[in-house]
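Only heavy atoms go into these numbers, but all of them, side chains included; no hydrogens, no water, no symmetry mates. Convention: sequence-line order gives letters A, B, ...; per-chain numbering from 1. Only a predicted model underlies this, so the values are computations on that prediction, with no experimental measurement involved.
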2 protein chains.
Amino acid sequence: MNPSTVTAEFLESLTKASQKIRTAFNQQVSAHGLTYPRARTLFYLAKKQNITQSELASVLELEQATMVRLLDRMAENGLIKRQADVKDRRTNLIVLTPHGEEQAALVESIAADLRSQIFANIDPFELRCSIALLERISANVTELSDIHVPA
Amino acid sequence: MNPSTVTAEFLESLTKASQKIRTAFNQQVSAHGLTYPRARTLFYLAKKQNITQSELASVLELEQATMVRLLDRMAENGLIKRQADVKDRRTNLIVLTPHGEEQAALVESIAADLRSQIFANIDPFELRCSIALLERISANVTELSDIHVPA
DNA sequence: CGCCAATCGTTAGTATGCTAATTGAACTTC
DNA sequence: GAAGTTCAATTAGCATACTAACGATTGGCG
């Protein structure tokens, strides 16, 4: 088999798996009035609040502008609040509302359920190997991008 | 480490890698007036033309309705043509225009370049292992979805 | 033949997601 | 400390992406 074939096949499998998982997860949370990006945002905020929109965008691999409207909707739905930062009046600090906390807990539980089903017959050791591989790949891509926009 | 932690970490790495690759690829093709989904569509059509919109949507993991507008734009840009199917008047058969063929070749070359850079220091054997893993995971997710919508 | 369910494509409406341009605030540098 | 630069958030405009509802066509089945 051509070496290039392996990498092409890998990308195909990666894209397909990622998309399928995203769709499955989205269907679960949409039954509770949420969406995939909102669920992801809640998930992260449950671990760390009082962060700026930029930080949040960076962690979730989204652009700042995308984050703005996502948070607009989440604020409308009473999931989060933008708090003015006393130290830097340019930034907002994002916090969960009580309702947001509840929904975040729901997301956690849905995610845990889904994970237990998706990985039921999967060897944890293989997962660890693939994690290492995926992280190396991510690092390679980051390097690539940095060449064009060095800083 | 908690078993659930491994799966959560895997999903995080998977999502991040997939997103980063998509972004990098999108930046490359957008320099040539294309977008990620259009490039993917061209890529597949280069391998197999004269297929219906449904088939195309299924292969690319998109909904039919999403495919409609994607093909609308690609037709406007002179990349593809919808040909009436004599045998089934409900369906369109999608074919590449000469310009579409050129762009498809360009996409192939961009993809090959990107792959050679992304996987420069990656062991093909590891890739093969991960492909197998990702395929099992995709199959699991498909099964899950089929439970809720059996047919 | 004629009904009927399933299928293909489309439209409508909403939610992401991007880039580019703008505004206001903070930082740098002299 | 004033000017220019940088940075956070926003807006505008476009391109996906989804679900739901619809029209046209086909195929099955009595």
Please determine whether a side-chain nitrogen or oxygen atom of [X] lies at a distance below 4.0 Å from atom OP1 or OP2 of [N].
X	N	result
Thr52(B)	dC8(C)	no
Ser54(B)	dG9(C)	yes
Thr35(B)	dT16(D)	yes
Gln53(B)	dT10(C)	yes
Arg38(A)	dG17(C)	no

Nearest to the side chain of Leu70(A) - dT16(C), dA15(D), dT10(C)?
dT16(C)
Quick check for you: among dA17(D), dT16(C), dC18(C), whose closest atom lies nearest to any side-chain atom of Arg69(B)?
dA17(D)
What is the distance from [atom1] of [X] to [atom2] of [N], rounded to the nearest Å?
X	N	atom1	atom2	value
Asn77(A)	dT14(C)	CG	C1'	13 Å
Leu34(B)	dC14(D)	CG	C1'	16 Å
Glu63(B)	dC8(C)	CD	C1'	14 Å
Gln64(B)	dT11(C)	CD	C1'	13 Å
Asp72(B)	dA15(D)	CG	P	12 Å
Arg73(A)	dG17(C)	CZ	P	12 Å
Gln28(B)	dT19(C)	CD	P	14 Å
Tyr36(A)	dT16(D)	OH	C1'	16 Å

Please check if any side-chain donor atom of [X] sits under 3.5 Å from a side-chain acceptor atom of [Y], or the reverse.
X	Y	result
Asn121(A)	Asn140(B)	yes
Thr91(A)	Thr52(A)	no
Ser130(B)	Ser130(A)	yes

Test salt bridge (Lys or Arg N to Asp or Glu O under 4.0 Å) applied to Glu9(A) and Arg115(B), step by step
CA-CA 11 Å; Glu9(A) 225 180 276; Arg115(B) 285 201 306 269; over 6 Å; no
Can you confirm whether Leu79(A) sits close enough to Thr41(A) that some side-chain heavy atom of one is under 4.5 Å from a side-chain heavy atom of the other?
no
Report yes if some heavy atom in the side chain of Arg82(B) is under 4.5 Å from a heavy atom in the side chain of Asp72(B); otherwise report no.
yes
Roughly how far, to the nearest 0.5 Å, is the CD atom of Gln53(A) from the CG atom of Leu93(A)?
9.5 Å
If you apply the rule salt bridge (Lys or Arg N to Asp or Glu O under 4.0 Å), what do you find for Asp88(A) with Arg90(A), and how did you get there?
CA-CA 5 Å; Asp88(A) 188 341; Arg90(A) 289 174 306 178; 2.9 Å; yes
Dump the intermediate steps for side-chain contact (heavy atoms from CB on, under 4.5 Å) on Leu11(A) and Ile21(B), then the final yes or no.
CA-CA 9 Å; Leu11(A) 283 184; Ile21(B) 291 170; 3.8 Å; yes
Assuming nearest nucleotide by heavy-atom distance, tell me which of Ala65(B) and Arg40(A) is located more 5' along DNA chain C.
Ala65(B)
So does Lys20(A) pair up with Glu61(B), basic N to acidic O under 4.0 Å?
yes
Over the length of the helix from dC1(C)-dG30(D) to dC30(C)-dG1(D), how much do the five-pair end axes diverge, rounded to 10 degrees?
30°
Positions of residues 87-99 of chain B (non-hydrogen atom under 4.0 Å from DNA chain C), listed by number:
Arg90(B), Thr91(B), Asn92(B)
